[in-house]
Amino acid sequence: MSDPAAPPATLRLTVDTDALAANWRALDALSGGADAGAAIKADAYGLGIDICVPALREAGCRTFFVAHWSEVAGVIKHVPGEQVAVLNGVLTEADCGYARATGAVPVINSLDQAQLWTTTGGGRCHLMVDTGINRLGIGQAEAGDPAIAALDIDILMSHLASADERTAMNRMQAELLSEAAETILHKRLSLANSAGIGLGEAFAFDLTRPGLALYGGIPREELAEHIRPVAKVEAQILQTRNLAPGEGVGYNATFIANTHMRVGTVSIGYADGFLRARGPGNALGHEGRALPILGKVSMDMVVIDLAAAPDLAAGAWVEVPWNIADAAQQSALSAYELLTVIGPRLRRS
Ligand SMILES: *Cc1c(COP(=O)(O)O)cnc(C)c1O
């Protein structure tokens with residue numbers, strides 16, 4: 001029996017690939033003489049590798065950053081392995097073998113990783129030096145180690161801890177990377193993430209690594225005028241109903257009607273990434289009209305007040321704000337979390 005075609009989904013994520021490409025070109029231009037790469041880890045921040053990577057490639061991007069080796073297979077369907085950098089580096093011989101088989105390039109993070117890469121055959125790699133974030137990377141004092149001298153390093157990189165803030169640490173990290181670059185042979189230098197690009201060309205070196213801003217996030221005001229929204233989320237009303245005064249809505253009846261109300265049950269919930277933190281106090285929308293959320297967000301549903309939209313009935317599409325700057329403020333979620341929690345039902349739509 002052949003699988004019947006599934007009917008259309010009741011929720012949808014639309015990725016504006018023109019806006020994504022325009023954001024990459026804007027960030028590339030803001031990087032001055034440096035090239036922009038792209039951080040595409042976590043399924044392109046939840047928006048989908050298969051949609052985002054071809055658009056970025058067509059825009060001109062030639063360096064793609066993922067975190068895990070498990071992310072490589074999906075990316076090399078679209079770009080050559082040698083353009084893919086794996087931030088976690090190599091922990092095992094299996095990692096090294098997979099790197100050589102796919103052409104994807106490890107970002108070496110420690111002397112142990114350097115030795116492992118060399119003893120399993122060496123070859124082109126990147127190197128992370130820690131300049132203060134204390135997550136991954138070799139220490140400043142390890143720059144002169146013979147294990148590092150044995151590497152064939154393309155990109156020598158570091159990562160800014162607080163690029164979204166005005167702090168002396170940014171300048172200090174740039175100086176420490178420049179210092180390491182005097183000891184460590186390399187071809188290209190890289191420091192700035194999205195917010196780092198907003199700090200100015202002094203932070204761009206040879207290659208920048210924007211992620212969030214590609215997808216419409218604005219981590220620094222300097223970027224606001226250059227970045228377009230990319231993700232649009234909509235969901236359908238499944239049912240409408242009338243509440244009498246005293247009736248509650250949703251689990252634990254945390255909303256109680258004090259008047260007659262017409263409400264709609266919308267097909268999106270926390271399983272889709274519309275987290276419970278975005279419940280009361282937030283609203284969905286329809287052509288500029290705000291439709292306040294009533295009660296708790298459920299796994300698959302959320303209930304909205306239809307007072308402002310008496311014309312809407314079952315089947316109508318409503319807008320689910322994924323405007324990350326605003327929603328992040330509304331919900332105490334970071335813009336990064338808001339994107340990367342996009343659930344599988346929404347990604348597939
Ligand atoms: C995720 C990541 C980036 C991209 O950061 P954004 O803040 O999303 O622009 C750049 N570099 C490294 C090492 C990363 O882990």
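When a ligand or atom number is given, it counts from 1 through the structure's own listing order.
Ligand 1 does not have Ala195 within reach: every non-hydrogen atom of the residue lies 4.0 Å or more from it. Distances from ligand 1 to the non-hydrogen atoms of Tyr45 include at least one value under 4.0 Å.
A cation-pi contact links Arg100 to Trp117, judged by a cut-off of 6.0 Å to the six-membered ring centre and 45° from its axis.
Taking distance alone, with nitrogen or oxygen atoms compared against 3.5 Å, Gly211 approaches ligand 1 more closely than that limit. For ligand 1, the polar-atom distance check against Leu212 finds a nitrogen or oxygen pair separated by under 3.5 Å.
Closest protein heavy atom to atom 1 (C) of ligand 1: Lys41 NZ, 1.4 Å. The shortest contact between atom 5 (O) of ligand 1 and any protein heavy atom is with Asn193 CB, 3.4 Å. Atom 7 (O) of ligand 1 has its closest protein heavy atom at Tyr336 OH, 2.5 Å. Scanning the protein heavy atoms around atom 10 (C) of ligand 1, the nearest turns out to be Arg209 O, 3.3 Å. For atom 9 (O) of ligand 1, the nearest protein heavy atom (residue, atom name, distance) is Ser194 OG, 2.5 Å.
Here the side chains of Leu56 and Val79 are not in contact, with every heavy-atom distance at 4.5 Å or above. Residues Glu142 and Asp130 are not in side-chain contact: their nearest non-hydrogen atoms beyond the backbone lie 4.5 Å or more apart. Considering only heavy atoms from C-beta on, Thr63 comes within 4.5 Å of Leu207 through its side chain.
Asp272 pairs with exactly one of Arg345, Arg12, Arg278 by the salt bridge (Lys or Arg N to Asp or Glu O under 4.0 Å) rule, that one being Arg345.
The existence of a salt bridge linking Arg347 and Asp50 is excluded, since no basic side-chain nitrogen approaches an acidic carboxylate oxygen closer than 4.0 Å.
With a 4.0 Å heavy-atom cut-off, ligand 1 is reached by no atom of Met157. At a heavy-atom cutoff of 4.0 Å, ligand 1 is contacted by the backbone of Pro210 but not by its side chain.
In this model, no donor atom of one side chain and acceptor atom of the other lie less than 3.5 Å apart for Thr265 and Arg241.
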Handout entry: Evaluation steps, side-chain contact (heavy atoms from CB on, under 4.5 Å), between Leu91 and Gln113
Key = CA-CA 6 Å; Leu91 271 83; Gln113 288 197 8; 3.8 Å; yes
